[in-house]
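All chains are named by letter (A, B, ...) in the order of the sequence lines, taking the proteins before the strands, and each is independently numbered beginning at 1.
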Number of protein chains: 2
Amino acid sequence: MGLAKTEMFTDQQNEIALFAKVFGHPARVAILQHLFKINACVCGDLVNQIGLAQPTISQHLKELKHLGLIKGNVEGTSVCYCIHTENWSKMKNVMLQFLDQDIQNTDCC
Amino acid sequence: MGLAKTEMFTDQQNEIALFAKVFGHPARVAILQHLFKINACVCGDLVNQIGLAQPTISQHLKELKHLGLIKGNVEGTSVCYCIHTENWSKMKNVMLQFLDQDIQNTDCC
DNA sequence: AATATTAATCGTAATATTGCAATGAACAAA
DNA sequence: TTTGTTCATTGCAATATTACGATTAATATT
């Protein structure tokens, strides 16, 4: 059914999955890396940088914005995007808690 | 269309996306968390724990195994799964490098 | 050998994602 | 006001993902 049964998982598990999902496409990884590097970027520049069509970039930006990881500021006819540092930190904590799990004992198999 | 254009991104970006994608479903997050907690687990136990049907769990396990994040050992009629600690560490380094990016300057927008 | 147990695989239905052409909306410049 | 620029939205085609019933494969148990 192409549909995750979210109701059978904890809020934490669903949150981790949501964040991970948005990183699950190389275009969004590239967009975020570029925003970190340049610190702020107009949508059109991203289209040139990444090489996908404008509607496609716009859609990826929408998803990143929806999760709160980036901010967009209208400046005339263009829109300036940048990392939402506070939310990025919060997300990082959630993901680190998941990634940093440690096994206490030796390998089993 | 429904297909990521991986050829236009760096290997690193594609690798990050691949790892993130596998974490992008709460069932796989739950499976991994359970394996960390219990350290080793027979497939049937995961089916009981998670609450999805056996073929579904088996499919999720396959994806985790394919990325090398877990190992599976046949023990009689059952299969014992556990975290592949070495590969988990490698994956963690890749993801941390991405998550730990820092902005040098102030917010722009 | 016959039966039971466990997990993988196959096949399929339902839904989601990706990508872009076409269009629309908002603003700036002439 | 007309034209151009920039970005969002719509609509659609192609592909991927999720879930599970049915079946198969492998090994135990009787």
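Residues B:Ile70 and B:Leu61 come closest through the heavy atom pair CD1-O, 3.6 Å.
The side-chain heavy atoms of B:Glu63 and B:Lys65, taken from C-beta on, include no pair separated by under 4.5 Å. Looking at A:Gln12 and A:Gln97, their side chains come closer than 4.5 Å, going by heavy atoms from C-beta outward.
To the nearest 0.5 angstrom, B:Cys80 atom SG is 4.5 Å from B:Glu75 atom CD. Rounding to the nearest 0.5 Å places NZ of B:Lys71 at 10.5 Å from CD1 of B:Ile83. Put simply, CD1 on B:Ile31 and CG on B:Leu52 are 8.0 Å apart, with the number rounded to the nearest 0.5 Å. Expressed to the nearest 0.5 Å, how far CZ of A:Arg28 lies from CD of B:Gln13 amounts to 13.0 Å. In this structure, NE2 in B:His60 is found 4.5 Å from NE2 in B:His25, a value given to the nearest 0.5 Å. Note that the CD1 atom of B:Ile50 and the OG1 atom of B:Thr56 stand 11.5 Å from one another [nearest 0.5 Å].
The listed nucleotides are D:dC7, D:dA19, C:dC20; the one nearest the side chain of B:Lys5 is C:dC20. Closest to the B:Val42 side chain, of the nucleotides C:dA8, D:dC7, C:dT6, is C:dT6.
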With a 3.5 Å cut-off and sequence neighbours excluded, list the donor-acceptor pairs that the side chains of residues 14-22 of chain A form with protein atoms.
unit_1  : atom_1 : unit_2  : atom_2 : d
A:Asn14 : ND2    : A:Thr6  : O      : 3.0
A:Asn14 : ND2    : A:Thr10 : O      : 3.2

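Proximity of residues 43-58 of chain B to DNA chain D (heavy atom under 4.0 angstrom from any strand atom) is restricted to B:Leu52, B:Ala53, B:Pro55, B:Thr56. Within residues 6-26 of chain A, the residues that place at least one heavy atom under 4.0 Å from DNA chain C are, in residue-number order, A:Lys21, A:His25.
Computed from coordinates, the B:Gln59 CD to D:dT23 C1' distance equals 16 Å when rounded to whole Å. For the pair A:Asn73 CG and D:dA8 P, the computed distance is 12 Å after rounding to whole Å. The interatomic distance linking B:Arg28 (CZ) with D:dT18 (C1') rounds to 9 Å, in whole Å. Protein atom CD of B:Glu63 is 7 Å distant from nucleotide atom P of D:dT17, rounded to whole Å. We find that NZ of B:Lys62 is positioned 15 Å from P of D:dA16, with the value rounded to whole Å. Between the CD1 atom of B:Ile31 and the P atom of C:dA7 there is a distance of 13 Å, given to the nearest Å.
Using cut-offs of 30° and 60° on the angle between ring planes, the pair B:Phe98 and A:Phe23 is perpendicular.
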key: Contact pattern, 5' to 3', of nucleotides 25-30 of chain C - B, S or - by protein heavy atom under 4.0 Å   = --B---

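Judged purely by atom type and a 3.5 angstrom limit, B:Asn87 has no side-chain atom pairing as donor or acceptor with the backbone of B:Leu69. Under a 3.5 Å cut-off, the side chain of A:Trp88 and the backbone N or O of B:Asp100 do not form any donor-acceptor pair.
Between A:His60 and C:dG19 there is a side-chain N or O to OP1 or OP2 distance below 4.0 Å.
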What pairs of nitrogen or oxygen atoms, one from the protein and one from nucleotides 12-15 of chain C, lie under 3.5 Å apart?
unit_1 : atom_1 : unit_2 : atom_2 : d
C:dA14 : N3     : A:Met1 : O      : 3.3
C:dA14 : N3     : A:Gly2 : N      : 3.2
C:dT15 : O4'    : A:Met1 : O      : 2.7

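In this structure, C:dA8 and D:dT23 make a Watson-Crick or G-U wobble pair, each of the two defining distances being under 3.5 angstrom.
Residue pairs meeting the ring-ring contact (aromatic ring centres under 6.0 Å, His included) criterion with at least one member in residues 39-59 of chain B: none, sequence neighbours excluded.
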